[in-house]
Each structure stands twice: as C-alpha cells, then as structure tokens.
Amino acid sequence: MSDLSYNDHCVITRSTGETDKWDNLVSDEIYNDKCDFQGGGQSFNKIMTYNDKVYLPRFVAVESNDDIVVTTEAGRIRKGVVKSVNDLKLDLTGDYVTEIEIKQSVEK
C-alpha cells in the first residue's frame, strides 16, 4: 500500500445507456470503497491550478466520463465526472494506485 491515507469514501458509477420503467438512466456501480480526496486549486492572476483528484488504493477499471461522488472524512460531499485516469505502479511493492482527475466537480 502507499503512503496515502484513505480516509474518504468514493462511489463511482457508469451509465449503461438503458433506462428503467420511469425513464431514469440505469448505472452500474464500478467502485464503492475508501479513497483519498485531494482538493483542486483555483485560478489566480491568469495561472490555472489543477482539478480535484482522487486516489484509490488499488487498480480499478475506471473510465473517462464515469460519475463519481466523494464523501470526505469531514462529511463534505463532492460530485463530479471523471476526466482522466492513471494507474500508478508503486516501485517498492509492485502494487497499483488508481489516480483520478475530476472535471465538473461541485459540492453537493
């Protein structure tokens, strides 16, 4: 495992493209477990900083445009859409950490 502390909780879902009998989109749950939320920065003086990021403690087959809901350790809830995913291999253990960048992240 990495040096990160996984004190937050993430739920990641992916739309199946189908609808239920009430015409609501149906989604499959991809991940529902602990994560580490890293809040993004803001723009200042024409310098743009990074988006929110989430780290999962293992490899998870997350894809761009999956929906993500993060509940922080303090109880704040953020909702967004996955922008990009990287699988980071840990040199010492050979394990993987999944890094997710979130676009359109808003507090719920």
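Numbering of residues begins at 1 and proceeds along the displayed sequence.
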**Q.** Heavy-atom neighbours of D91 CG exceed 12 at 6.0 Å
**A.** no
Q: Can you sort out the partners of E29 under side chain to side chain donor-acceptor pair (under 3.5 Å), two or more places apart, ordered by chain and number?
A: N32
Q. Under the side-chain contact (heavy atoms from CB on, under 4.5 Å) criterion, do K89 and D87 qualify, and how do the steps go?
A. CA-CA 6 Å; K89 187 171 184 178; D87 300 315; over 6 Å; no
Q: Report the hydrophobic cluster partners of I102, with the cluster defined as I, L, V, M, F, W, Y residues connected by side-chain heavy atoms closer than 4.5 angstrom, directly or transitively.
A: I12, I30, Y31, F37, V54, L56, V60, V62, I68, V70, V82, V85, I100
Q | Partner of C35 by side chain to side chain contact (heavy atoms under 4.5 Å, CB included), out of D8, N7, T72 | A | D8
Q: Compare every heavy atom of A61 with every heavy atom of R14, then report the nearest pair and how far apart it is.
A: NH2-O, 2.9 Å
Q: To the nearest 0.5 angstrom, please state how far the CZ atom of R78 sits from the SG atom of C10.
A: 12.0 Å
Q. Which pair of non-hydrogen atoms, one from Y55 and one from Y6, has the smallest distance, and what is that distance?
A. O-CE2, 3.4 Å
Q: Give the minimum heavy-atom separation between S84 and S64, together with the two atoms involved.
A: CA-OG, 4.2 Å
Q. How many angstroms lie between atom NZ of K53 and atom NZ of K83, to the nearest 0.5 angstrom?
A. 9.5 Å
**Q.** Atom pair CG (D66) and OG1 (T13), whose distance is rounded to the nearest 0.5 Å
**A.** 7.0 Å
**Q.** Pairwise distance OG1(T98) to CG(L88) - rounded to 0.5 angstrom
**A.** 8.0 Å
(Q) What's the separation between atom NZ in K103 and atom CG in D52, rounded to the nearest 0.5 Å? (A) 14.0 Å
Q: Provide the closest heavy-atom pair for S15 versus S27 in the form atom of the first, atom of the second, distance.
A: CA-OG, 3.8 Å
Q. Any side-chain donor paired with an acceptor under 3.5 Å for E63 and N65?
A. no
Q) Could you walk me through whether V81 and D67 pass the side-chain contact (heavy atoms from CB on, under 4.5 Å) check? A) CA-CA 5 Å; V81 177; D67 294 314; 3.9 Å; yes
